[in-house]
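Inspection log for the structure reproduced underneath, given as structure tokens.
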Amino acid sequence: MSRQENLARLINPRHIAFIGGADAAYALRTCQALGYAGEVWCVNPKHDEVEGVVCYPSVDALPAAPDAAYVAVRGDLTIEVVRALAGRGAGGAICYAAGFAEMGGEGAERQARLVEAAGDSMAVIGPNCYGVLNLVDGVGMWAGPLTIGRAERGVALVSQSGALSETMTFGERSAPFAYLVSVGNQAMIGIEEVLAVYVELPEITAIGIYVEGLRDVAAFSRAAVRALERGIPIIAIKTGRSAAAGRVALGHTSSLTGSDALYDALFHRLGIIRVDSVTELVELAKLVTFAGIPEGRRFSAVAASGGDMAMTADHADRLGLELPPLSQAQVAAIKAELPPYVNVANPLDYTIGGWGKPEVQRRVFTTMASGDVDTAIMVMEYAPVGRGHDEACHGAVDGMIAAHEATGKPVFVTSHMPEDLPESARERMIAGGIAPLQGFPDAMRALAGAAWYGERRRAWRAGRAGADPSLPATATVPGAPRLLTEWEAKRRLAATGLRVPEGRLVTAADAPAAAAEIGFPVALKAGGAALAHKTEVGAVALGLADRDAVATAVQRIAAAVPEAAGLMLVERMAPEPVAELIVGVTRDPLFGPALVIGAGGILVELIEDSRTILLPTTRAEVEEALGSLKVAKLLDGYRGRPRGDRAAAIDAILAVAAFATAHRDRLHELDVNPLLVLPEGEGAIAVDALISMVA
């Protein structure tokens with residue numbers, strides 16, 4: 001069997017071997033508590049039985065090769081146990097012990113020996129991990145306390161942090177987990193391999209990941225595309241937003257693409273919902289599991305509180321959600337149910353006049369949910385058990401359940417204080433097919449995230465986001481890259497369709513005559529040297545209006561840049577643009593070439609208005625990214641200025657992308673700054689270009 005097939009055996013095993021002493025016994029008790037129905041064996045030469053399970057003296061003495069083994073012995077002995085398991089043909093092993101690569105030095109060497117012992121096909125999770133919980137089949141190979149029970153369906157979590165994955169099971173949240181895998185050091189099995197198993201399991205409603213760094217972006221993207229196909233949302237916590245790319249920038253592009261920008265681009269491309277906290281992940285998982293994915297961003301909201309509805313409107317505005325107005329028929333129907341002083345609108349404060357009246361609430365809530373909306377929500381707090389109006393709260397919940405049943409739309413109830421939806425209330429909502437979301441801000445972000453996912457998936461399925469958003473494997477650039485001269489860079493880019501100024505590469509003596517042939521005014525640049533930042537070293541002169549001005553500029557540039565070797569680049573000055581863009585490509589060891597689009601010119605890093613797109617890309621993706629920039633307002637004709645040639649700008653960006661894709665195995669960095677976007681119908685022109693690549 002392949003390693004991937006053996007990983008599937010490990011996650012859903014027919015038999016499990018628990019190997020070790022007290023730590024193995026702890027995990028065994030978890031498995032017993034979950035009611036695992038498969039065969040269970042123990043390996044410990046010092047005991048005849050553990051927790052009522054027969055003990056064997058060694059792996060070789062086991063009655064069969066186990067599908068899964070939980071290995072809880074010290075580091076060096078772990079290696080020998082894994083070697084024995086591989087020899088028996090075991091499916092996989094969970095290595096609980098620490099003291100491997102996370103320690104560096106000797107630990108890294110120990111981890112390398114562990115990988116060697118496992119061989120080519122056995123799946124090893126860890127070391128330094130909590131293990132695996134499969135709550136559908138009652139599989140408990142887990143180092144932490146068991147705080148959740150069996151599940152028929154739900155969310156699958158894979159995490160680089162064992163403690164954090166354990167934390168997600170602790171809260172009083174009705175978290176719908178079905179599978180948990182803690183990958184630890186990822187010596188052999190990483191997040192991408194676990195994801196590939198998860199996406200084929202029919203019980204999974206969503207996948208949560210906690211990632212510090214991926215090992216194989218191409219494999220991850222293939223699994224994520226499969227999740228898109230099956231309609232399984234992936235919700236990601238990615239740490240390291242402040243991490244720098246760690247590269248020396250030749251141009252401006254590298255300064256705009258830290259590793260976090262690349263992960264953002266990857267997640268956006270693959271429809272992965274990025275969240276910032278454990279609670280946000282859990283609440284979003286609850287929404288898609290218990291209520292489903294809304295068709296869009298339009299929703300109705302109800303509460304017996306004007307303050308609740310004011311906050312709902314504010315959050316909707318910030319998150320790009322929509323509260324469409326009610327129809328005349330809806331207004332009339334609701335007015336017939338509530339006191340005359342109620343302001344009937346969306347969101348609706350139905351006031352104390354509608355509180356405690358279940359039949360009224362059923363009709364009002366159903367009317368609110370039946371309009372031009374994709375989902376409906378209610379904001380409500382339960383008082384502490386025994387100290388409030390539980391029956392009145394239950395009646396309101398039943399009203400939302402009735403709205404869901406009547407309309408078939410996703411519905412959820414949320415509270416400001418997470419503890420204000422007690423377990424009894426949550427169970428009532430889940431049984432009625434609606435989601436109990438705890439913590440109002442997380443609930444609203446969950447709605448926005450689920451709506452975005454639905455939009456992204458529909459666009460992908462319709463073909464507008466590209467037929468296959470997965471990424472090709474990344475190759476190492478062979479040899480040392482060379483910085484091309486601007487003349488070389490522009491000639492190569494022009495061959496792919498990028499428009500550049502009319503120009504000549506001439507000797508210093510011929511520059512005035514060349515300028516006259518091109519037509520004044522002209523730009524003059526040092527042409528014989530490959531320079532990353534010409535302006536800073538005095539290698540550029542702009543707006544030269546006659547031969548004398550060109551001759552003077554030639555002398556100044558030659559003195560400032562002796563390495564120009566007497567060659568000058570003379571170009572026609574471009575017309576006044578509507579906007580300036582930067583279009584660049586930078587290379588990352590994990591992600592390969594990445595395209596950067598942003599506000600260009602001298603303020604590129606000051607404004608920090610950019611989007612990163614992974615390559616290859618599509619016109620639809622470029623168009624969306626360009627439209628998301630602040631500078632896009634200029635292209636639309638800002639404050640009476642002419643509209644920019646958006647179509648030509650997109651063509652130019654795609655020309656750069658085509659060049660980068662064609663040379664993805666040799667290109668190191670590319671910078672077009674600025675790309676001048678001219679008035680509509682007049683095109684876009686690259687007045688400066690930098691390329692670093694292997695010849």
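Looking at every heavy atom in both residues, Ile125 comes nearest to Val132 through CD1-CG2, 3.8 Å. Of all heavy-atom pairs spanning Phe365 and Met378, the tightest one is CE1-SD, 3.8 Å. The two atoms that bring Tyr350 and Ala304 nearest to each other are CE2-N, 3.6 Å, heavy atoms only. Smallest separation of non-hydrogen atoms from Trp355 and Ala396: CZ3-CB, 4.2 Å. Heavy atoms only, all atoms of each residue included: Asp67 and His15 are closest at N-ND1, 3.0 Å. Between Val373 and Pro324, the closest heavy-atom pair is CG1-CG, 3.6 Å.
Checking side-chain atoms of Ser470 against main-chain N and O of Val225 turns up no donor-acceptor pair under 3.5 Å.
Within the 4.5 Å cutoff, the side chain of Asp442 has no heavy atoms near those of the Leu437 side chain. Counting only heavy atoms from C-beta outward, the side chains of Val379 and His416 approach each other to under 4.5 Å. Using a 4.5 Å heavy-atom threshold, the side chains of Arg173 and Pro418 count as touching. Looking only at side-chain heavy atoms (C-beta outward), Leu34 and Arg150 come within less than 4.5 Å of each other. Taking 4.5 Å as the limit, every side-chain heavy atom of Val155 sits out of range of all side-chain heavy atoms of Tyr198. Contact of the Val183 side chain with the Ser159 side chain is not registered, since no non-hydrogen atoms from C-beta on lie closer than 4.5 Å. Tyr179 has its side chain out of reach of Leu135: every pair of non-hydrogen atoms, C-beta onward, lies at least 4.5 Å apart. Ser424 has its side chain out of reach of Tyr382: every pair of non-hydrogen atoms, C-beta onward, lies at least 4.5 Å apart.
Residues Arg14 and Glu39 are not paired through a salt bridge, judged by the lack of any N-O separation under 4.0 Å between the basic side chain and the carboxylate. A salt bridge between Glu624 and Arg456 is present, with a side-chain N of the basic residue lying under 4.0 Å from a carboxylate O of the acidic one. Between Arg428 and Glu423 there is no salt bridge, since no side-chain N of the basic residue sits under 4.0 Å from a carboxylate O of the acidic one. Taking the charged nitrogens against the carboxylate oxygens, Lys238 and Glu212 have no contact shorter than 4.0 Å, which rules out a salt bridge. A salt bridge links Glu280 to Arg445: at least one charged side-chain nitrogen sits closer than 4.0 Å to a carboxylate oxygen. Salt bridge annotation for Asp264-Arg611: absent, with no cationic side-chain nitrogen under 4.0 angstrom from a carboxylate oxygen. Salt bridge present: Arg298 and Asp372 bring a charged side-chain N and a carboxylate O closer than 4.0 Å. Between Glu229 and Arg226 a salt bridge is recorded (basic side-chain N to carboxylate O distance below 4.0 Å).
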#### Entry: CA sep, side-chain torsions, deciding dist, call: Glu337, Arg363, salt bridge (Lys or Arg N to Asp or Glu O under 4.0 Å)
CA-CA 8 Å; Glu337 299 287 348; Arg363 291 190 290 269; 2.7 Å; yes
### Message
Under the criterion salt bridge (Lys or Arg N to Asp or Glu O under 4.0 Å), I'd like the reasoning laid out for Lys409 against Asp374: C-alpha separation, chi angles, the key distance, then a yes or no.
### Response
CA-CA 7 Å; Lys409 296 175 181 177; Asp374 304 298; over 6 Å; no
### Task
For the pair Glu283 and Lys286, evaluate salt bridge (Lys or Arg N to Asp or Glu O under 4.0 Å) and give the outcome as yes or no after the intermediate values.
CA-CA 5 Å; Glu283 296 309 304; Lys286 286 161 61 176; 3.2 Å; yes
### Tyr96/Tyr130 under ring pair (Phe, Tyr, Trp, His ring centres under 6.0 Å): CA gap, chis, key distance, verdict
CA-CA 6 Å; Tyr96 170 62; Tyr130 272 48; 7.3 Å; no
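Taken to the nearest 0.5 Å, the CD atom of Glu455 stands 10.5 Å off from the CD atom of Glu295.
Note: Phe412 and Phe290 fail the aromatic proximity criterion, with ring centroids not under 6.0 Å apart.
No option in Gln4, Arg3, Arg9 other than Arg9 meets the side chain to side chain donor-acceptor pair (under 3.5 Å) test with Asn6.
Between Phe18 and Tyr70, the angle of the ring planes lies from 30° to 60°, which puts this pair in the tilted group.
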